[in-house]
Amino acid sequence: MSTQDAAIRGTSRWEGIDLGTRTVTYDERDAILYAIAVGAAADELDLVFEDRLRVLPTFALTLAQWAPDELGGRGAFDTATAVHGSQELSVAAPLPRRGELTLHASVGRVWDKGAAAVFEVVVRSDQFTATWSIFAPGAGGFGGDRGPSRPAGPEGEPVASRPIQTAPNQAALYRLTGDRHHIHIDPAAAARIGQPRPIMHGLCTLGMAAVELGRAVGAHPADLTRLEGRFAAPIHPGESAHLNVWDGGSGYEFELRKDGEPTITGGRATFGA
């Protein structure tokens with residue numbers, strides 16, 4: 001058996017693997033830095049002022065970033081070619097202004113897409129459950145289930161449509177929240193994945209979309225209770241995109257597009273009281 005065949009056959013063994021438990025701490029400064037990094041304005045005092053602070057639920061994703069990194073570090077996939085495919089977040093309780101959270105991570109399903117595999121990394125805590133889907137080229141072909149197909153896009157006219165403008169230094173700022181992968185700051189690293197310059201973090205783009213979506217529908221961004229989205233293409237710092245929002249009945253559906261081409265698809269969000 002070749003080394004490649006052995007690697008492919010070993011892919012399925014990662015399903016259900018325990019990735020460990022970590023206790024993470026943060027304070028108001030960390031939560032405010034995150035809010036600014038995903039587009040909170042200086043006059044949105046309950047997002048940027050410690051005396052009135054409400055922590056954005058998507059901040060939780062920065063606290064749990066260690067989990068997909070842990071799986072990559074254990075050799076489940078090639079970290080040089082794997083990409084963040086999609087993200088889900090379910091909120092059970094508001095994040096406190098400062099605190100200490102215990103997070104437990106494990107591998108969920110591992111889907112066989114033929115030429116690639118998709119690894120689900122699930123992080124659970126009392127406050128939230130977050131699921132990363134990591135698309136790993138070259139890791140498929142092990143005979144597993146292909147997994148769910150992409151959901152159909154929204155139908156009809158959007159109920160809201162908003163521009164989103166990223167800042168030239170936004171990826172550099174967002175890196176300070178914890179995700180310091182080199183493709184977001186180093187042109188040489190970006191070139192190795194075929195990009196002309198560093199790209200925005202997918203979770204930064206998704207966080208921006210969630211904040212703008214709340215504004216667009218009259219909901220407070222901190223009232224977000226569920227969020228999901230698929231990353232279709234990157235945005236580069238300084239570029240603009242357009243957010244379209246549809247009423248999905250029990251929540252909202254959304255897409256983010258740059259120059260008419262999708263960057264986030266399959267977006268769904270719910271806001272609670």
Side-chain angles (χ1 to χ4, degrees), residues 31 34-35 37-41 44 46-47 54-64 84-96 108-109 111 118 120-135 147-164 166 200-233 235 241-258 261-273:
Y34 172 80
V38 295
E44 293 179 302
D46 50 2
L47 296 180
R54 298 186 63 192
V55 180
L56 287 170
T58 47
F59 173 63
L61 300 175
T62 71
L63 303 176
H84 193 173
S86 67
Q87 183 69 48
E88 296 182 15
L89 174 67
S90 179
V91 179
L95 293 171
R109 298 299 304 271
W111 306 110
V118 173
E120 290 185 346
V121 178
V122 184
V123 180
R124 295 181 174 88
S125 73
D126 291 340
Q127 290 76 22
F128 66 90
T129 299
T131 303
W132 277 253
S133 289
I134 307 297
F135 185 83
S149 57
R150 293 182 181 180
E155 297 182 354
E157 291 297 313
V159 297
S161 186
R162 296 284 190 94
I164 291 180
T166 67
M200 293 275 290
H201 303 70
L203 289 182
C204 181
T205 306
L206 185 62
M208 290 186 71
V211 169
E212 193 59 45
L213 174 57
R215 294 171 180 146
V217 302
H220 196 290
D223 285 335
L224 183 77
T225 55
R226 183 162 181 82
L227 179 67
E228 59 184 281
R230 293 173 178 260
F231 303 112
I235 294 178
H242 208 89
L243 176 72
N244 291 317
V245 183
W246 290 262
D247 188 342
S250 59
Y252 296 96
E253 300 179 31
F254 67 93
E255 287 185 348
L256 193 66
R257 290 178 171 268
K258 182 185 75 173
E261 297 298 321
T263 60
I264 294 178
T265 63
R268 289 177 173 79
T270 304
F271 296 88

message: Would you say that Leu47 contacts Tyr34 through its side chain, given a criterion of any heavy-atom pair below 4.5 Å between the two side chains?
response: no
message: Distance check, rounded to the nearest 0.5 Å: Glu228 atom CD versus Ser90 atom OG?
response: 10.0 Å
- request: Kindly compute the distance separating CG (Leu95) from CG (Leu63), expressed to the nearest 0.5 Å.
  value: 7.0 Å
- prompt: Taking 4.0 angstrom as the limit, do Glu88 and Arg226 come out as a salt bridge?
  reply: yes
message: For the CD1 atom of Ile264 and the CG atom of Asn244, what is their distance to the nearest 0.5 Å?
response: 12.5 Å
- request: Specify the closest pair of heavy atoms between Ala269 and Leu227, including all atoms of both residues, with the distance to one decimal.
  value: CB-CD1, 4.1 Å
- prompt: Which value, rounded to the nearest 0.5 Å, describes the distance between Tyr252 atom OH and Arg268 atom CZ?
  reply: 15.0 Å
query: Are Thr263 and Phe231 close enough, and set up right, to give a side chain to side chain contact (heavy atoms under 4.5 Å, CB included), and what steps lead you there?
result: CA-CA 6 Å; Thr263 60; Phe231 303 112; over 6 Å; no
query: Is any side-chain heavy atom of Pro158 less than 4.5 Å from a side-chain heavy atom of Val245?
result: no
message: Given 3.5 Å as the limit, does a donor-acceptor pair link the side chain of Thr225 with the main chain of Val91, or not?
response: no
message: For Ile164 and Leu256: C-alpha separation, side-chain torsions, deciding distance, then whether side chain to side chain contact (heavy atoms under 4.5 Å, CB included) applies.
response: CA-CA 9 Å; Ile164 291 180; Leu256 193 66; 3.8 Å; yes
- prompt: Mind checking whether Trp132 and His84 have parallel, tilted or perpendicular rings, split at 30° and 60°?
  reply: parallel
- request: Could you verify whether a donor N or O on one side chain and an acceptor N or O on the other, from Trp111 and Glu120, lie under 3.5 Å apart?
  value: yes
- request: Under the salt bridge (Lys or Arg N to Asp or Glu O under 4.0 Å) rule, collect the residues that match up with Arg257, sequence neighbours excluded.
  value: Glu255
message: Do Ile134 and Val118 make a side-chain contact, defined as non-hydrogen atoms from C-beta onward lying under 4.5 Å apart?
response: no
task: Output, in order, the C-alpha distance, side-chain angles, deciding distance and verdict of side chain to side chain contact (heavy atoms under 4.5 Å, CB included) for Leu206 and Thr58.
output: CA-CA 9 Å; Leu206 185 62; Thr58 47; 5.9 Å; no
query: Do any N or O atoms from the side chain of Thr129 and from the backbone of Ser125 form a donor-acceptor pair under 3.5 angstrom?
result: no
- request: Measure the OG-NE2 distance between Ser161 and His242 for me, rounded to the nearest 0.5 Å.
  value: 2.5 Å
message: Could you report the tightest heavy-atom contact between Val38 and Gly207, atom names first, then the distance?
response: CB-C, 4.0 Å
query: Checking His201 side chain against Leu203 main chain: does a donor-acceptor pair fall under 3.5 Å?
result: no
task: Just jot down the salt bridge (Lys or Arg N to Asp or Glu O under 4.0 Å) partners of Arg54, sequence neighbours excluded, or say none.
output: Asp223
message: Which heavy atom of Gly156 sits nearest to which heavy atom of Trp246, and what is that distance?
response: O-NE1, 2.8 Å
message: Between Met200 and Thr166, is the side chain to side chain contact (heavy atoms under 4.5 Å, CB included) condition met? List the steps.
response: CA-CA 9 Å; Met200 293 275 290; Thr166 67; 3.8 Å; yes
- prompt: Any side-chain hydrogen bond (donor to acceptor under 3.5 Å, both in side chains) pairs touching residues 210-219, not counting sequence neighbours?
  reply: Glu44-Arg215, Arg162-Glu212, Glu212-Arg215
